[in-house]
Amino acid sequence: MSTPANNGPKSAFSTFNLVAGAIIIVGLIITVIRFTQGIGSVTNLDNNNPWGIWIGFDLLCGVALAAGGYTTSAACYIFGLKRFHSAVRPAILTAFLGYALVVFALQYDLGRPWRLPYPIFYQQGTTSLLFEVGLCVMLYLTVLFIEFTPAMFEWLGWKKVRKVVVKLTLALTIFGVVLSTLHQSSLGALYTIAPSKLHPLWYSPYMPLYFFVSSIAAGMSMVIFEGTLSHKKMHHMMDEEYLKHHDGVVLGFGKATSLVLFGYFFIKMIGLAYDNNWHYLTSGYGLLYMTEMLGFVALPCFLYAVGVRDKNLGLIKKAAIITVLGIVFNRFNVSLIAFNYHLPSSERYFPSMMEIGISVFVVTIGVVVFRFITTRMPIFFEHPDYKSDH
Amino acid sequence: MLRRTFLGVLGATCVGAALPTGAKAGGKEFKGYPGSKGVLFDATRCIGCRKCEAACNKVNNLPEPEKKFDDLSVLDTKRRTDAKTFTVVNKYNGPENPVFRKSQCNHCLEPACASACFVKAFKKLPNGAVVYDESVCVGCRYCMVACPFEIPTYEYDEPLTPRVMKCTMCAPRLAEGKLPGCVEGCPKEALVFGERDELIKIARQRIRRNPDRYIDHLYGENEMGGTSWMYLSGVPFNEIGMREDLGTKSAPELTAGALAAVPMVAGLWPVLLGGIYAVTQRNSKVADEERKEAVDNAIARASAEAEKTLSEALKKADVANKRQIEVEVKKAVEEALAPKEEQEENSEKEES
Ligand code: SF4
Ligand code: SF4
């Protein structure tokens, strides 16, 4: 009666399906409320706090954590690190889904979501950094989709189209890196317009650079982290080629992330010194800032370095988790916790249950689609017809 | 390789980050449209009667408030503007008497809301008013994040057609040659409407004539690059809920650096990445060539060795052959000589 959980036909009522199903139903209910009663009926947003976790988590964290797409493909195709080849497809897929979900989640937050194409096709507000974010995200989503299609074409057996797309790889990768540089950094630049609202420990004219550099660390950590997760759940879908390279990828990315985190820590300190903000470190926000910098930047930087030196994959994976959490922490600090720090606590924002519900709903959809695709298309393995064809 | 290219990338981004200072050095400071209008609010004259609130409500056809405008008890709690209220008067404790301060959109000379909006829904009109066009607004609320005075508000309960709501400086009334509603409604002339340049002169004059009555600062003259609404007060501005740490940089100036870096990244990145790609390609080509060369060398060395062995073997074989021949010859000679010797021996025997 019972077949092993990880292969053979699965019961429709596995724990995963039950939990995911419940979340999706709740999400749909909130969706109906949102689009019939207005944003105010499901969120704690108000006139002082126009952006909540749908921006802080779904958009800022979503985009940062999807940075694995451009970092991995750049490492493989531009920097010529061919041994990362096996990590490219999962990373591209994750990035594509990540961005698609960011756009999906935006539909909830925008007052008139169907006008989303307006800023690009109808009237361009080119002085706005949000315009830049919008344009780049739209273009990059397209690039990611094209980069993902070879896997789909292999699954469908469309050899000719696939060949054309594969030829574009380098151009697409470069285009992708340019777009990512721009929108990752302009997410940070969004906040440069509000120096009076963001706490000085986080506000800096260098925010675009901070966001960009930390997105590299986030992207690579996410590749390690997500690779580990998939390793547990999707092992049966992985071919020898993928498994053989997995450890090498983890080591290589661990080393690179350690360096990036070190650089990030360094430029953050330069910013602090540049604005001479040291005296804030002793305040309550100073404690928060130190937690972020020491616990979520310096610590994983060190753990990565030790892990790489000792070839300790377990340690590297722990460092990856800390880095991922650290990015979320940082984006929350900028967009929610240290934002509007000047307001009295009664006027501060805290997300409502329904807002959190939608964010969970969005993540769940992502996991479900990821599972659907990776159990069908050649993501963790090479399609038998296209072996050694790259 | 990874480290080197990473440093290259970092270096290039630093170029982008360093740009802000350079890019804004051009310094095109916008000092407002010539002859544009504004309003001067004098907190020393305001009595907190809420007549301006009532007038604003009326001329803008806003919904009835919960408490009537002549109910002054609302002044006891701090309020802010919202989607149904474009202006509010708040009460603050002064040294002797309470001080009242009106707040509404300040109609900045270079509005943060306008520079933040990605569909250009906000526009600064030549007459000074900053107006909003709901027909293009996407509802992202970045304008609300951007405004340093926390002015734009949102119709959060509108499911399909929410709007950003704020004071328009009564732009429609100005077009008809009328005064803004609040200015007209004020019984104490705490509000003066006029050309911004004129208002600055009036304010300076008031301060000069009554130095004891006023703080020597015209709020809004330079804050955030200057605003069309300006304020005079007898108490420090931060005591009547106005931030004094906003600085004089306008919103466009704050974001100019990031925007200026865009074409640089777009221009420089592909070249740089292409270069890195070429280098790595070359590297792997060189590696390939080296590998080939090594193989060739190995083959060459191997064949040289083989030849040597062969020639040695041949030589050895030669030697061996020679010796054999020698031996054979010797043997043959010996054999040939042997009977002769025997003969000789025999003959010797015979002779004796
Ligand atoms: S006060 Fe705020 S809403 Fe009014 S013009 Fe200035 S930035 Fe825009
Ligand atoms: S909410 Fe509307 S007006 Fe405000 S920035 Fe977004 S699109 Fe522009």
Side-chain angles (χ1 to χ4, degrees), chain A residues 35-41 43 45-48 50-51 74-75 77-81 109-113 115-116 118-119 122-125 127-132 134 170 174 177-178 181-182 185-186 189-190 192-197 205-206 208-209 212-213 252 255-256 259-260 263 342, chain B residues 1-3 5-6 10 13-14 16-17 20 80-82 112 114-121 136-142 144-146 148 150 153-162 243 245-247 251-252 254-255 257-259 261-262 265-266 269-270 273-274 276-277 280-281 283-284:
Chain A
F35 286 102
T36 52
Q37 317 282 305
I39 304 176
S41 61
T43 69
L45 297 175
D46 58 32
N47 291 323
N48 286 330
W51 285 1
Y77 298 125
I78 298 178
F79 296 133
L81 306 174
D109 192 71
L110 291 175
R112 310 194 195 199
R115 284 185 179 172
L116 191 53
Y118 270 34
Y122 187 71
Q123 181 158 290
Q124 295 82 11
T127 54
S128 173
L129 284 155
L130 197 59
F131 173 75
E132 196 193 323
L170 180 68
I174 291 187
V177 175
V178 172
T181 311
L182 288 177
S185 56
S186 38
L190 280 185
T192 53
I193 204 168
S196 59
K197 295 189 180 177
Y206 294 122
L209 187 61
F212 173 62
V213 175
K255 191 169 168 192
L259 284 167
V260 174
H342 60 289
Chain B
M1 186 62 223
L2 188 57
R3 188 204 329 233
T5 41
F6 164 69
L10 193 64
T13 348
C14 286
R80 62 152 292 153
T81 56
D82 61 36
S115 117
C117 179
F118 66 166
V119 277
K120 284 203 207 128
V136 290
C137 173
V138 183
C140 65
R141 304 187 298 284
Y142 185 36
M144 299 168 70
V145 169
E150 293 163 358
T153 65
Y154 202 58
E155 294 183 316
Y156 283 107
D157 295 325
E158 211 36 72
L160 296 176
T161 55
R243 298 192 63 167
D245 58 352
L246 295 181
L254 289 167
T255 50
L259 283 170
V262 173
V265 172
W269 244 196
L273 295 173
I276 293 170
Y277 173 73
T280 53
Q281 277 308 91
N283 275 358
S284 61

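Below, chain A is the first sequence line, B the second, and so on; all start at residue 1.
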Restricting to non-hydrogen atoms, name the atom on B:A258 and the atom on A:A189 that form the minimum distance, rounded to 0.1 Å.
CB-CB, 3.6 Å
Answer with side chain, backbone, both or neither: which region of B:P252 has an atom nearer than 4.5 Å to a non-hydrogen atom of chain A?
neither
Per-residue contact mode, A:Q124 against chain B (heavy atom under 4.5 angstrom)
backbone
Whatever's closer than 4.5 Å to a heavy atom in chain A on B:T161 counts as both
Nearest 0.5 Å, what's the OG1-CH2 distance between A:T181 and B:W269?
5.5 Å
Residue among A:T43, A:L129, A:L116 with most heavy-atom pairs under 4.5 Å to chain B:
A:L129
Find the distance between CD1 (A:I39) and OH (B:Y154) and round it off to the nearest 0.5 Å.
5.0 Å
Need one label for A:L45: side chain, backbone, both or neither, based on atoms under 4.5 Å from any heavy atom in chain B.
both
Considering only heavy atoms, which portion of A:T192 lies under 4.5 Å from any heavy atom of chain B: side chain, backbone, both, or neither?
both
B:C140 side, atom SG; A:L130 side, atom CG - distance, nearest 0.5 Å:
5.0 Å
A:R115 side chain vs B:G139 backbone, donor-acceptor pair below 3.5 Å:
no
Most heavy-atom pairs under 4.5 Å with chain A, out of B:D157, B:V119, B:L246, belong to B:V119
When the 4.5 angstrom heavy-atom criterion is applied to B:C117 and chain A, the contacting part is backbone
Over all heavy atoms of both residues, which pair between A:I78 and B:L273 is shortest? Give the atoms and the distance, please.
CG2-O, 3.5 Å
Shortest non-hydrogen separation from A:P119 to B:V138 and the atoms involved:
CD-CG2, 3.9 Å
Answer key: most heavy-atom pairs under 4.5 Å with chain A among B:V145, B:T255, B:T81 is B:V145
Which heavy atom of B:P270 sits nearest to which heavy atom of A:I174, and what is that distance?
CA-CG2, 3.8 Å
For the student: nearest non-hydrogen atoms of B:Y142 and A:W51, plus distance:
CD1-CH2, 3.4 Å
By a 4.5 Å heavy-atom criterion (distance strictly below it), what part of A:S196 contacts chain B: side chain, backbone, both, or neither?
both
Mind ranking B:C137, B:P148, B:A251 by heavy-atom pairs under 4.5 Å with chain A and telling me who comes out on top?
B:C137
Who wins among A:E132, A:Q37, A:Q123 for the most heavy-atom pairs under 4.5 Å with chain B?
A:Q123
Tell me the closest heavy-atom pair linking B:E150 and A:H342, and the distance in Å.
OE2-NE2, 2.7 Å
Can a donor-acceptor pair be found, under 3.5 Å and without considering hydrogens, that links the side chain of B:Y156 to the backbone of A:D46?
yes
If you tally heavy-atom pairs under 4.5 Å against chain A, which of B:D245, B:V136, B:L259 wins?
B:V136
Is A:Y122 in contact with chain B via its backbone, its side chain, both, or neither, using a 4.5 Å heavy-atom distance?
side chain
